[in-house]
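The first residue of the sequence shown is numbered 1, and numbering continues consecutively from there.
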Amino acid sequence: MISASVLCLAALLSMQLPRSVDFGPLALPLWLPAGLALAIAMRWGWRTAPGLWLGMALGNVLILQQAWPAALAIALGQAAAPLLAAYVLRRQQALPFYRLSRVLMFLWCGVVGSALLSALWSGFFLDVSTLPSGVERWQCLLARGLGELFGMLALTPSALFLLQAEPARYSRNPASWLESMLLLWTSLLLAVVEFIVADYRHGVAASLWPLFCIALMWVAFRCRLALAYWLHSGIVLLAFGGVLLHNGAAYQDPGLSGMAAAGMLLLVQSLALLVFGALVAERRFTEDWLRRANQTLEAKVVERTRQLAESEARLKLMADASPFPLAMNNLNGGSLIYANAQAESLFKCRLDGQQRRVQDFYVDPAEREGISALLRSQGAVRDHEVQLHDAEGRQFWALVSCAVVHSDQELYVISGINDISERKRLERSLHAANDALRQHVAEIESLQVGLREQVRRDPLTGLFNRRYLDEILPRLLAHMLALDGTVAVLMVDADHFKRINDNYGHQCGDAVLATLGAFLRDRFRSGDIVCRYGGEEFCILMPGIALDAASQKAQQLCEAVRQLPIQALEHRLHITLSIGLSVCPLHGEDPESLIHAADAALYQAKAQGRDRVCLAQRSQPALS
């Protein structure tokens, strides 16, 4: 009911405004109920539909003198149009005050769309008989739509702004309280003079109108936007009051055709306030956002600066307390920025702030360039050995670990330095000791080889001894038997050797044995094994040789020795050989059988007169 009453009062007020004589009350130049209906619909939504419909119907019946059926039908469109426009605007949150895009949406969807829909709907139920003569239906509908459009432009923004539950506010007001009050009351005083006191027939009052627009824009820009809308509402009310009092610049003769010039100026003022206020609001919101962002950023910068200072202090404290030398320098140029006390003690000078470079402490500058290249490619170097020197010229070896860090668009290197001169000295001592030990081991191994050879060799003849024969014969037999091969065994004895010892002495006998040993070594193949078996007896192993070839080799040996002159001390002697021959596997497959068979054949050769070769028998019994 409140909405219906407000709309009826607005309709009565609209009837007091100047209107066209062509359409009469059917098409008022400024239909205020349309502006109030759109403001109410945008504020409270669909729940105001009954009140809007009833208020529009009462206005059509009581004010415009339309019949009830047509009045109710036309009121249905007049109520539905603002409700639909408000539904769209409310869903998009398009209050036309703080964003220019919302102002444009409000003008097109809320004002133009609502007026067009209401006028088109009214065209279906408008009684043509009520129109003055010579007036077409479309002319009346156009004038009616313009009246609703102008009514919404003149009244909806102010009413909607004043009906807001929580109008947006800024965090800062450029104008002082005194400036705001001075602008407000001066503008209202001029409005009283313009619309209440002044006679509309004098042109001086009409010339004051641009001052209101200037004052309104000033208030919107310098003061709060709410104060500008309050001032605009006061100017509109004073203009309507002057119309009701039939005085002031807004009142015109009722006989004038079309919309009054004062009403048009009110519309221009409302539209200008909408656009300019939105621009100012966007600027204020942007300024507030930037101010808050700057405050937040400044707070973060202060906090970050404090954290960095604390972090730097902690890192410096840790670096100073570190038991290892630490230094920091630019990667480009190598200028030293920081060094702890341990680093300064190591280099025997002050490094921090003394315009020193890291390359000044390298014995070989190429090493620093190599480390710099590794840092650029890998970002870190671990346990790299370099040779450095301190400020006094002392050279020392150091183990360097470096890492690249980024700060302020610069590349820095943090280096940890460990003096390893003592370790290097110990390493050199250890290397020298190792070399000496290796040399000593080589000498021992050489002696061991000599000892092994002495154990395996007969010292008189240089031939293998019986011990070696006992070691090698089993392995040789096993190998040749696995290959289906043969092994010939020659048991060789120097005939009548005791006479040489008795007649010429043992030294002469030893010389004869040495000469005979060398002769035997040279007469056989490299794969044959010649051993001194004991006394004047020798044993020869010939692997891979047949029985006939071995017998022939033994005969040739006897002939060669028979013709061999032996120079023993001052004596020139000749000797002969008795040889016993056995062959594996013919005479046995084990060392004992072969040796016994060859030994038995040797005794047979001696028994037959010596200087000959005898072949062992197949079933030669072992001698006791």
Side-chain angles (χ1 to χ4, degrees), residues 286-424 427:
T286 302
E287 290 176 351
D288 287 347
W289 181 86
L290 289 175
R291 189 179 302 108
R292 288 192 298 270
N294 287 335
Q295 291 173 353
T296 303
L297 183 60
E298 289 175 358
K300 289 182 177 180
V301 169
V302 171
E303 178 65 18
R304 185 60 176 166
T305 303
R306 184 186 63 80
Q307 293 176 355
L308 288 175
E310 292 179 355
S311 177
E312 183 179 358
R314 287 194 297 268
L315 290 176
K316 189 175 186 303
L317 182 62
M318 291 173 59
D320 290 340
S322 172
F324 303 103
L326 294 175
M328 183 175 181
N329 63 277
N330 285 315
L331 180 58
N332 298 322
S335 299
L336 281 165
I337 299 174
Y338 167 80
N340 63 358
Q342 287 75 15
E344 293 180 349
S345 175
L346 177 63
F347 289 97
K348 301 292 190 300
C349 66
R350 182 166 179 78
L351 302 176
D352 190 7
Q354 298 297 318
Q355 300 297 322
R356 295 183 181 272
R357 301 180 305 164
V358 292
Q359 50 264 42
D360 297 337
F361 298 94
Y362 277 82
V363 174
D364 184 6
E367 287 186 340
R368 194 266 171 180
E369 296 301 326
I371 292 179
S372 179
L374 288 175
L375 289 173
R376 294 179 188 277
S377 61
Q378 301 177 5
V381 172
R382 296 288 182 267
D383 297 335
H384 194 83
E385 292 186 0
V386 296
Q387 196 170 11
L388 305 176
H389 65 82
D390 58 21
E392 298 176 357
R394 180 185 70 90
Q395 295 185 3
F396 61 93
W397 283 95
L399 196 65
V400 176
S401 295
C402 308
V404 176
V405 295
H406 298 261
S407 178
D408 299 332
Q409 307 299 322
E410 289 286 341
L411 295 178
Y412 298 96
V413 180
I414 297 178
S415 303
I417 308 163
N418 186 15
D419 187 356
I420 58 172
S421 298
E422 183 63 21
R423 192 189 80 179
K424 280 290 188 180
E427 286 179 357

Which distance, rounded to the nearest 0.5 Å, do you find between the [atom1] of [X] and the [atom2] of [Y]?
X	Y	atom1	atom2	value
His406	Tyr412	NE2	OH	12.0 Å
Leu388	Arg394	CG	CZ	9.5 Å
Asp364	Glu369	CG	CD	10.0 Å
Glu310	Arg306	CD	CZ	4.5 Å
Leu346	Asn418	CG	CG	9.0 Å
Leu399	His384	CG	NE2	9.5 Å

Looking only at heavy atoms, which two atoms of [X] and [Y] are closest? And how far apart?
X	Y	value
Val386	Trp397	O-CE3, 3.4 Å
Asp390	Phe347	CB-O, 3.4 Å
Val363	Pro365	O-CD, 3.7 Å

Problem - Residues in salt bridge (Lys or Arg N to Asp or Glu O under 4.0 Å) contact with Glu422, at least two apart in sequence or another chain - result: Arg425

Practice task
Only counting residues at least two apart or in another chain, list the ones meeting salt bridge (Lys or Arg N to Asp or Glu O under 4.0 Å) with Arg304.
Solution key: none

Report the residues that fulfil side-chain hydrogen bond (donor to acceptor under 3.5 Å, both in side chains) with [X], sequence neighbours left out, ordered by chain and then residue number.
X	result
Gln307	Glu303
Ser401	Asp383
Arg423	Glu385, Glu427

Handout entry: With sequence neighbours excluded, residues passing side chain to side chain contact (heavy atoms under 4.5 Å, CB included) with Leu375
Key = Leu331, Ile371, Val381, Cys402, Val404, Val413

Handout entry: Donor-acceptor contact below 3.5 Å, side chain Ser345 vs main chain Ala341
Key = no

Practice task
Indicate yes or no for a side-chain donor-acceptor contact from Ser372 to the backbone of Arg368 under 3.5 Å, with no hydrogens or angles considered.
Solution key: no

Problem - Close side-chain approach of Leu336 to Phe361, heavy-atom, < 4.5 Å - result: yes

